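Bear in mind that the values here come from a model prediction, so they are computed numbers and not experimental data.
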Amino acid sequence: MTVFSLILATYLAVVSGLVYDVIVEPPGIGSVQDPATGTVRPVVFLPGRVNGQYIIEGLSSGFMFVLGGIGIILLDLAVDRTRPRSLRVSYGGSGVAAIVIAYAMAMLFLRIKIPGYLW
């Protein structure tokens, strides 16, 4: 379990863009001025730039990929016939929920990042 945890943490770091964050040193979040009121509001996603990101954007996207991977692992555990039925149903439901949430959020992040993509 220790090796799996280290591999999962490394996967999260790589998918989140940790190397990019260390080299480029982007801000944690951005800000944009509202043209109507003039107030400054925070922005988590760097819109329009596919090859750039804020730190929080990378971490949240990486977490969604890890959540999808954990969902697949839970689905694998759900097909084990030696486990009790209630546990298999819980693993299966949790796995499907994790995969659906990860996919929906990843697509939402992509549509925020690139407006009009896949429409």
Side-chain angles (χ1 to χ4, degrees):
M1 191 66 177
T2 305
V3 174
F4 173 74
S5 300
L6 289 173
I7 290 172
L8 191 64
T10 303
Y11 176 73
L12 176 65
V14 169
V15 171
S16 296
L18 184 68
V19 175
Y20 172 83
D21 292 342
V22 168
I23 292 173
V24 178
E25 297 178 1
I29 59 172
S31 61
V32 65
Q33 188 171 11
D34 189 10
T37 61
T39 59
V40 177
R41 58 185 177 96
V43 176
V44 177
F45 290 93
L46 186 60
R49 285 193 52 204
V50 180
N51 58 350
Q53 71 179 16
Y54 294 127
I55 294 174
I56 298 298
E57 175 185 354
L59 289 175
S60 59
S61 298
F63 178 74
M64 288 302 128
F65 287 127
V66 169
L67 182 65
I70 289 172
I72 292 172
I73 292 169
L74 288 173
L75 284 179
D76 182 53
L77 292 173
V79 297
D80 186 11
R81 294 282 182 191
T82 61
R83 299 187 191 276
R85 178 167 165 65
S86 62
L87 191 60
R88 287 188 290 143
V89 169
S90 297
Y91 282 159
S94 300
V96 168
I99 291 172
V100 167
I101 290 170
Y103 176 77
M105 294 303 292
M107 291 306 293
L108 177 70
F109 293 169
L110 185 63
R111 288 186 180 131
I112 292 172
K113 184 80 171 166
I114 309 168
Y117 185 69
L118 293 176
W119 285 99

Legend entry - Selection residues 3-13 - residue pairs positive for salt bridge (Lys or Arg N to Asp or Glu O under 4.0 Å), sequence neighbours left out: none

Legend entry - Set of residues satisfying side chain to side chain contact (heavy atoms under 4.5 Å, CB included) with respect to Val79, sequence neighbours excluded: Asp76

Inset, instruction - Compare all side-chain heavy atoms of Val96 with those of Leu75 and state whether any distance is below 4.5 angstrom. - result: yes

Inset, instruction - Could you note down all residue pairs passing salt bridge (Lys or Arg N to Asp or Glu O under 4.0 Å) where residues 28-43 supplies at least one of them, sequence neighbours left out? - result: none

Legend entry - With sequence neighbours excluded, residues passing side chain to side chain contact (heavy atoms under 4.5 Å, CB included) with Ile72: Ile99

Legend entry - Any pair counted as ring pair (Phe, Tyr, Trp, His ring centres under 6.0 Å), so long as it reaches residues 12-39, sequence neighbours left out: none

Inset, instruction - Treating Ile, Leu, Val, Met, Phe, Trp and Tyr as nodes and any side-chain heavy-atom pair under 4.5 angstrom as an edge, say whether Phe4 and Leu74 lie in one connected cluster. - result: yes

Inset, instruction - List, by chain and then residue number, the residues other than Leu6 in its hydrophobic cluster (Ile/Leu/Val/Met/Phe/Trp/Tyr, side-chain heavy atoms under 4.5 Å); write none if there are no others. - result: none

Inset, instruction - Mark yes or no for whether Gln53, through its side chain, and Ser16, through its backbone, hold a donor-acceptor pair below 3.5 Å. - result: yes

Inset, instruction - Could you note down all residue pairs passing side chain to side chain donor-acceptor pair (under 3.5 Å) where residues 87-99 supplies at least one of them, sequence neighbours left out? - result: none

Inset, instruction - Not counting sequence neighbours, list each pair that qualifies as a salt bridge (Lys or Arg N to Asp or Glu O under 4.0 Å) and has a residue in residues 46-70. - result: Glu57-Lys113

Legend entry - Transitive ILVMFWY side-chain link Val100 to Met107, under 4.5 Å: no

Inset, instruction - Of all the heavy-atom pairs spanning Gly71 and Ala98, show the shortest one and how long it is. - result: CA-CB, 3.8 Å

Inset, instruction - Enter the distance from Ser61:OG to Leu12:CG here, rounded to the nearest 0.5 Å. - result: 11.0 Å

Inset, instruction - Determine which pairs satisfy salt bridge (Lys or Arg N to Asp or Glu O under 4.0 Å) with at least one residue from residues 12-33, sequence neighbours left out, and list them in order. - result: none

Legend entry - Val15: partners by side chain to side chain contact (heavy atoms under 4.5 Å, CB included), with sequence neighbours left out: Tyr11, Phe65

Legend entry - Single-linkage hydrophobic cluster, 4.5 Å side-chain cutoff, Leu46 and Val50 together: no

Inset, instruction - Could I get the full list of side-chain hydrogen bond (donor to acceptor under 3.5 Å, both in side chains) partners for Thr82, not counting sequence neighbours? - result: Asp80

Inset, instruction - Considering non-hydrogen atoms only, spot the tightest contact between Ala102 and Gly68 and give its length. - result: CB-N, 3.6 Å

Inset, instruction - Treating Ile, Leu, Val, Met, Phe, Trp and Tyr as nodes and any side-chain heavy-atom pair under 4.5 angstrom as an edge, say whether Val66 and Leu18 lie in one connected cluster. - result: no

Legend entry - Connected hydrophobic set around Phe63, excluding itself, where side chains approach under 4.5 Å: Ile29, Val44, Phe45, Ile56, Met64, Leu67, Ile101, Met105, Leu108, Phe109, Ile112

